[in-house]
*Asks:* 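First the structure, then my questions, so here it is.
So you know, we letter chains A, B, ... as the sequences are listed, proteins then strands, and number each from 1.
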2 protein chains.
Amino acid sequence: MIKYDICETCECSHKDKVSKAKSEALDDEVIYDLADVFKVFGDSTRIKILYALFNQEMCVGDLVEALDMTQSAISHQLRVLRQNDLVKFRKEGKAVIYSLDDEHVSILLQQGLCHILHKNKYGE
Amino acid sequence: MIKYDICETCECSHKDKVSKAKSEALDDEVIYDLADVFKVFGDSTRIKILYALFNQEMCVGDLVEALDMTQSAISHQLRVLRQNDLVKFRKEGKAVIYSLDDEHVSILLQQGLCHILHKNKYGE
DNA sequence: TGAATATATGAATAAGTGTTCATATATCGG
DNA sequence: CCGATATATGAACACTTATTCATATATTCA
């Protein structure tokens, strides 16, 4: 592996930057958890579910009809959302009613929206 | 496909909820763009790169050494970040120096961090 | 121009992921 | 208990994706 300790062609102080980056790096565990959270948001079906639940709590059957997908597909994705603590649920008779777990989820959703809308591809 | 228009066993007003969800749903294009942005954040290598650039601008070689990965792997991921407008770059001699594209990126990073730290797995 | 450095990229492969299909579990009414 | 409804889940398959290897492009210096 080539070393980049010295470089005369640009003024970046490589050693400084590299050691700064290394010392300030996040723990691997944090990195993986962070990537995992974003990974869960990174699927259109799950985004649709989360956005629907952002507006109101809904049972599985409602989501199936609202998103026009199979019950199995919705259920599988709800499991992913559950396992990552992005949604919570309660049982009411035969129905299982889902809602967003905490406000962090809606904040992330909103920030994501804000980010893409800022690129003014859609507006005006 | 089974219809869930009427349900006597729980008090959720399904028709209302379903039609509300349908009418308030985001455009498909927005959904896919949103999922794509999160997808880009959803990889540990890219998170490491973004977090390093969150603290300071860096050239490719610096990132290679700081993250202890091959130049090719870093370069491929920088391309993904570039194509999704999460990083910008300038050339300086032979070096290409990368930095975060706008503050939306750091806000999303911070919100993600905030979300996982809030689950107090790591703290105190 | 030629050698060396810095970065980018195409192809291939291995690992991961979302949906479907079939089936299982759970709850309620009769 | 039995049938119907509501949800969950395992296996299989198609598709995507991250890394590696080899190589290409670009820039600087002699």
*Asks:* Taking DNA chain C as the partner, which of residues 38-50 of chain A come within under 4.0 angstrom of it by heavy atom?
*Replies:*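 Here the set is A:K39, A:D43, A:T45, A:R46.
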*Asks:* Using both pair distances under 3.5 Å as the test, note the stems of at least 3 consecutive Watson-Crick or G-U pairs that include DNA chain D.
*Replies:*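 Result, WC/G-U stems under 3.5 Å: C:1-30 with D:1-30.
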*Asks:* Without placing hydrogens or testing angles, list every side-chain donor-acceptor pair under 3.5 Å for residues 37-47 of chain A, not counting sequence neighbours.
*Replies:*
residue: A:D43; atom: OD2; partner: A:T45; partner atom: N; Å: 3.1
residue: A:D43; atom: OD2; partner: A:R46; partner atom: N; Å: 3.1
residue: A:R46; atom: NE; partner: A:V40; partner atom: O; Å: 2.7
residue: A:R46; atom: NH1; partner: A:Q77; partner atom: OE1; Å: 2.6
residue: A:R46; atom: NH2; partner: A:K39; partner atom: O; Å: 3.3

*Asks:* What's the closest nucleotide to the side chain of B:V96 if the choices are C:dT7, C:dT9, C:dA26?
*Replies:*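 Closest of the options to the side chain of B:V96: C:dT7.
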*Asks:* Between protein and nucleic acid, restricted to nucleotides 20-22 of chain D and to nitrogen or oxygen atoms under 3.5 Å apart, what atom pairs and distances do you find?
*Replies:*
residue: D:dT20; atom: OP2; partner: B:T70; partner atom: OG1; Å: 3.2
residue: D:dT20; atom: O4; partner: B:H76; partner atom: NE2; Å: 3.1
residue: D:dC21; atom: N4; partner: B:S72; partner atom: OG; Å: 2.5

*Asks:* C:dT20 P sits how many Å from A:D68 CG, rounded?
*Replies:*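 In whole Å, C:dT20 P and A:D68 CG are 11 Å from each other.
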*Asks:* Rounded to the nearest Å, what distance is computed from the CG atom of residue B:L67 to the C1' atom of nucleotide D:dA18?
*Replies:*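 From B:L67 CG to D:dA18 C1': 15 Å.
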*Asks:* Which residues pass the salt bridge (Lys or Arg N to Asp or Glu O under 4.0 Å) test with A:E24, not counting sequence neighbours?
*Replies:*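 Result, salt bridge (Lys or Arg N to Asp or Glu O under 4.0 Å) vs A:E24: A:K20.
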*Asks:* With a cut-off of less than 4.0 Å, is there a side-chain N or O of A:Y98 near OP1 or OP2 of D:dA8?
*Replies:*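 So the side-chain polar atoms of A:Y98 do come within 4.0 Å of the phosphate oxygens OP1 or OP2 of D:dA8, strictly under.
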*Asks:* Report the distance from atom NZ of B:K94 to atom C1' of C:dA4, rounded to the nearest whole Å.
*Replies:*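 Value for this atom pair: 7 Å.
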*Asks:* Name all residues meeting the side chain to side chain donor-acceptor pair (under 3.5 Å) criterion together with A:R82; count only those two or more places apart in sequence or in a different chain, and write none if there are none.
*Replies:*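 Result, side chain to side chain donor-acceptor pair (under 3.5 Å) vs A:R82: A:Y98.
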*Asks:* Considering the options A:D102, A:D101, A:V105, which one meets the side chain to side chain contact (heavy atoms under 4.5 Å, CB included) requirement together with A:L86?
*Replies:*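 Single side chain to side chain contact (heavy atoms under 4.5 Å, CB included) partner of A:L86 among A:D102, A:D101, A:V105: A:V105.
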*Asks:* How about B:V80 and B:H76: do any of their side-chain heavy atoms sit closer than 4.5 Å?
*Replies:*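 A side-chain contact is absent here, since even the closest heavy-atom pair is not under 4.5 Å.
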*Asks:* Does the side chain of B:Y51 reach to within under 4.5 Å of the side chain of B:L113, using non-hydrogen atoms?
*Replies:*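 They are in contact (side-chain heavy atoms under 4.5 Å apart), so the answer is yes.
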*Asks:* May I have the distance from A:L78 (atom CG) to D:dT7 (atom P), rounded to whole angstrom?
*Replies:*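 So the two atoms are 10 Å apart, to the nearest Å.
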*Asks:* In whole angstrom, what separates B:I97's CD1 from C:dT5's P?
*Replies:*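 That distance rounds to 19 Å.
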*Asks:* The side chain of B:A95 is closest to which nucleotide in this list: C:dC28, D:dT9, C:dT7?
*Replies:*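 The answer is C:dT7, which lies nearest to the side chain.
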*Asks:* Closer to the 5' end of DNA chain C via nearest nucleotide, is it A:V80 or B:R82?
*Replies:*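 Its nearest nucleotide being more 5', the pick is B:R82.
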*Asks:* Rounded to whole Å, please give me the gap between CD in B:Q77 and C1' in D:dT17.
*Replies:*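 To the nearest whole Å, that distance equals 9 Å.
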*Asks:* Taking only N and O in the side chain of B:K91, is any of them less than 4.0 Å away from OP1 or OP2 of D:dA26?
*Replies:*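 No, because none of the side-chain N or O atoms of B:K91 sits under 4.0 Å from OP1 or OP2 of D:dA26.
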*Asks:* In whole Å, what is the span from the CG atom of B:L81 to the C1' atom of C:dA8?
*Replies:*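 Interatomic distance, CG of B:L81 to C1' of C:dA8: 14 Å.
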*Asks:* Taking the side chain as C-beta and beyond, is there a heavy-atom pair between A:V18 and B:D62 under 4.5 Å?
*Replies:*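 Touching, per the 4.5 Å side-chain cut-off.
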*Asks:* Nearest 0.5 Å, please: how far is CG in B:L50 from CG in B:L109?
*Replies:*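 Going from the CG atom of B:L109 to the CG atom of B:L50 covers 5.5 Å.
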*Asks:* Do A:L78 and A:L63 come close enough that some side-chain heavy atom pair is under 4.5 Å?
*Replies:*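 Of all side-chain heavy-atom pairs linking A:L63 with A:L78, at least one is under 4.5 Å.
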*Asks:* Less than 4.5 Å apart, any side-chain heavy atom of B:K48 and any of B:D68?
*Replies:*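 No - every pair of side-chain heavy atoms lies 4.5 Å or more apart.
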*Asks:* When rounded to the nearest 0.5 angstrom, what distance separates NZ in B:K91 from CD1 in B:I97?
*Replies:*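 Separation between the atoms: 11.0 Å.
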*Asks:* Say you draw a straight line from CD1 of B:I116 to CG of A:L26; how long is it, rounded to the nearest 0.5 Å?
*Replies:*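 Those atoms lie 8.0 Å apart.
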*Asks:* Over how many whole Å does the gap from A:R90 atom CZ to D:dT7 atom P extend?
*Replies:*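 Going from A:R90 (CZ) to D:dT7 (P), I get 12 Å.
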*Asks:* Of the nucleotides D:dT7, D:dT9, C:dT27, which has the atom closest to the A:R79 side chain?
*Replies:*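 In terms of side-chain proximity for A:R79, the closest of D:dT7, D:dT9, C:dT27 is D:dT9.
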